[in-house]
Amino acid sequence: MITDTLAANALSGAIKDSSMLLSFMFNPDPVKAGTRSGLPPNEQERTKENRRVPTGRSWRINMEHAFIFDMDGVIIDSEPIHFDVDIRTLSHFGVETNEQELERFVGMTNPEMLGIFKQERNLPHTVEEMIEYQLNLKMNILKNLEIEPIAGVVALMEQLRGMNIPMAVASSSPRVFIEGVLGKFGLSRFFKTVVSGEEVPKGKPAPDIYLETAKQLGVQPQHCVVLEDSRNGMLAAKTAGMRCIGYLNPNSGNQDLAEADLQVRSYDEIPVRELFGNDL
């Protein structure tokens, strides 16, 4: 009987520790739920009133939240397409490169990437000329693209919609390409807003695109969760004060996502209910 009691206590402790870990990982407010704040009950109440931030399960349910998707390498497995188009574009303008060299630009906007190549290689062509050639290639490929959205991403969107969590796309791709992708796969219906990195002053890894997306959603940045596959995108989300899930997509190149709040290899690993509350 003593052994059974000890085993039961150990199991209870393990469950409690797991719950605390999830709360710590995904609760952006420093005042933790219940006695985990380390403050006496009366101080907890006064702190909550002063900060006007409810804690614990009520925080997750009552405050507005949002989920923001990157697109390339997150909604569709398009990074190999971008690598190919970028290599062909740069070759057309006299620059030989490879996928490994391009990995550092994953998540950045096309004007920023091509601007860097223009400066580093002293290219006589304008960035606008290179973008026009590149975009024509991409749109032609998109018309004949025979891939499907990444496994599990539509189910994730359906689950978030069922929980009344507003969603948005924040992608470094041009708007015409973003809308082309969403339209081709019938995904526009899920999103409250779409923002292109070319529509803000600075692209990823600067936080501009995520701050603008939060503004359009009407949700505070600290209440947003971002799904990213690139280091530049992850840094943008974290700098914006958001929580970030790093999707380890092998086709996105060598991306260091160690600073993400959570890393997953499959979308069914995302603890959606724990992110936003079990009662939603």
Side-chain angles (χ1 to χ4, degrees), residues 19 21-29 31-33 52-76 149-171 178-179 181-183 185-197 204 207 209-230 233-234 236-247 249 257 260-280:
S19 176
L21 177 60
L22 282 170
S23 178
F24 175 79
M25 183 181 295
F26 291 108
N27 191 339
D29 194 88
V31 181
K32 304 298 188 295
R52 300 181 65 188
V53 178
T55 60
R57 177 170 291 183
S58 62
W59 174 86
R60 294 190 180 100
I61 296 170
N62 295 329
M63 297 199 77
E64 275 200 83
H65 296 268
F67 197 100
I68 305 173
F69 291 80
D70 175 41
M71 186 183 75
D72 297 300
V74 169
I75 293 177
I76 63 167
I150 290 176
V153 73
V154 177
L156 175 60
M157 294 174 189
E158 292 280 10
Q159 186 176 8
L160 289 165
R161 184 168 65 174
M163 296 167 65
N164 295 316
I165 302 296
M167 290 171 274
V169 171
S171 170
I178 300 170
E179 293 179 345
V181 168
L182 298 181
F185 298 108
L187 301 176
S188 302
R189 58 196 168 97
F190 288 105
F191 301 109
K192 184 176 179 181
T193 191
V194 170
V195 180
S196 166
K204 303 172 185 178
I209 187 171
Y210 283 119
L211 293 173
E212 176 61 25
T213 303
K215 179 181 177 181
Q216 292 188 21
L217 288 168
V219 177
Q220 292 298 312
Q222 65 266 31
H223 299 144
C224 296
V225 176
V226 173
L227 183 57
E228 269 283 0
D229 70 312
S230 72
M234 179 270 298
K238 296 298 292 180
T239 304
M242 301 178 180
R243 293 171 286 166
C244 183
I245 300 170
Y247 173 50
N249 186 337
L257 302 178
D261 296 279
L262 175 68
Q263 296 180 60
V264 300
R265 297 184 182 277
S266 172
Y267 291 147
D268 59 13
E269 297 175 15
I270 298 176
V272 178
R273 289 289 173 182
E274 285 79 0
L275 286 177
F276 300 109
N278 293 323
D279 293 339
L280 283 176

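Residue numbers count from 1 along this sequence. All of these numbers come straight from a predicted model, not from anything done at the bench.
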Worksheet entry | Passing option when Ile75 is tested against Leu187, Asp70, Ile150, Ile178 for side chain to side chain contact (heavy atoms under 4.5 Å, CB included) | Leu187
Worksheet item: Do the side chain of Asp229 and the main chain of Asn249 share a donor and acceptor less than 3.5 angstrom apart?
Response: no
Item to complete: Could you tell me the separation between the CD atom of Gln159 and the CD1 atom of Ile270, rounded to the nearest 0.5 Å?
Response: 9.0 Å
Fill in: Donor-acceptor contact present, side-chain Ser230 to main-chain Gly233, <3.5 Å
yes
Worksheet entry | Heavy-atom pair of closest approach, residues Met167 and Leu217 | O-CD2, 4.0 Å
Item to complete: Not counting sequence neighbours, which residues clear side chain to side chain donor-acceptor pair (under 3.5 Å) with Thr193? List them please.
Response: Gln216
Worksheet entry | Non-hydrogen atoms of Met242 and Val226 that approach each other most closely | SD-CG2, 3.6 Å
Worksheet item: From Phe276 CZ over to Ile165 CD1, what is the distance, rounded to the nearest 0.5 angstrom?
Response: 5.0 Å
Discussion item. Tell me every residue that passes side chain to side chain donor-acceptor pair (under 3.5 Å) with Glu158, counting only those two or more places apart in sequence or in another chain.
Written reply: Arg161
Response to the item:
Closest heavy-atom pair, Ala170 versus Thr213, reported as atoms and distance to 0.1 Å, is CB-OG1, 3.6 Å
Response to the item:
Shortest non-hydrogen pair, Leu275 vs Arg243, comes out as O-NH1, 4.0 Å
Discussion item. For the CG atom of Leu160 and the CG atom of Leu227, what is their distance to the nearest 0.5 Å?
Written reply: 9.5 Å
Item to complete: Only counting residues at least two apart or in another chain, list the ones meeting ring-ring contact (aromatic ring centres under 6.0 Å, His included) with Tyr267.
Response: Tyr247
Worksheet entry | Contacts of type ring-ring contact (aromatic ring centres under 6.0 Å, His included), residue Phe69, not counting sequence neighbours | Phe67, Phe191
Fill in: Least distance between heavy atoms, Asp72 atom then Ser171 atom
OD2-OG, 3.7 Å
Discussion item. Between Lys204 (side chain only) and Ala236 (backbone N and O only), is there a donor and an acceptor less than 3.5 Å apart?
Written reply: no
Worksheet item: Excluding sequence neighbours, so at least two apart, what forms side chain to side chain donor-acceptor pair (under 3.5 Å) with Gln220?
Response: none
Fill in: side chain to side chain donor-acceptor pair (under 3.5 Å) partners for Thr239, two or more places apart
none
Item to complete: Could you tell me whether a side-chain N or O of Asp261 sits under 3.5 Å from a main-chain N or O of Cys244, the two making a donor and an acceptor?
Response: yes
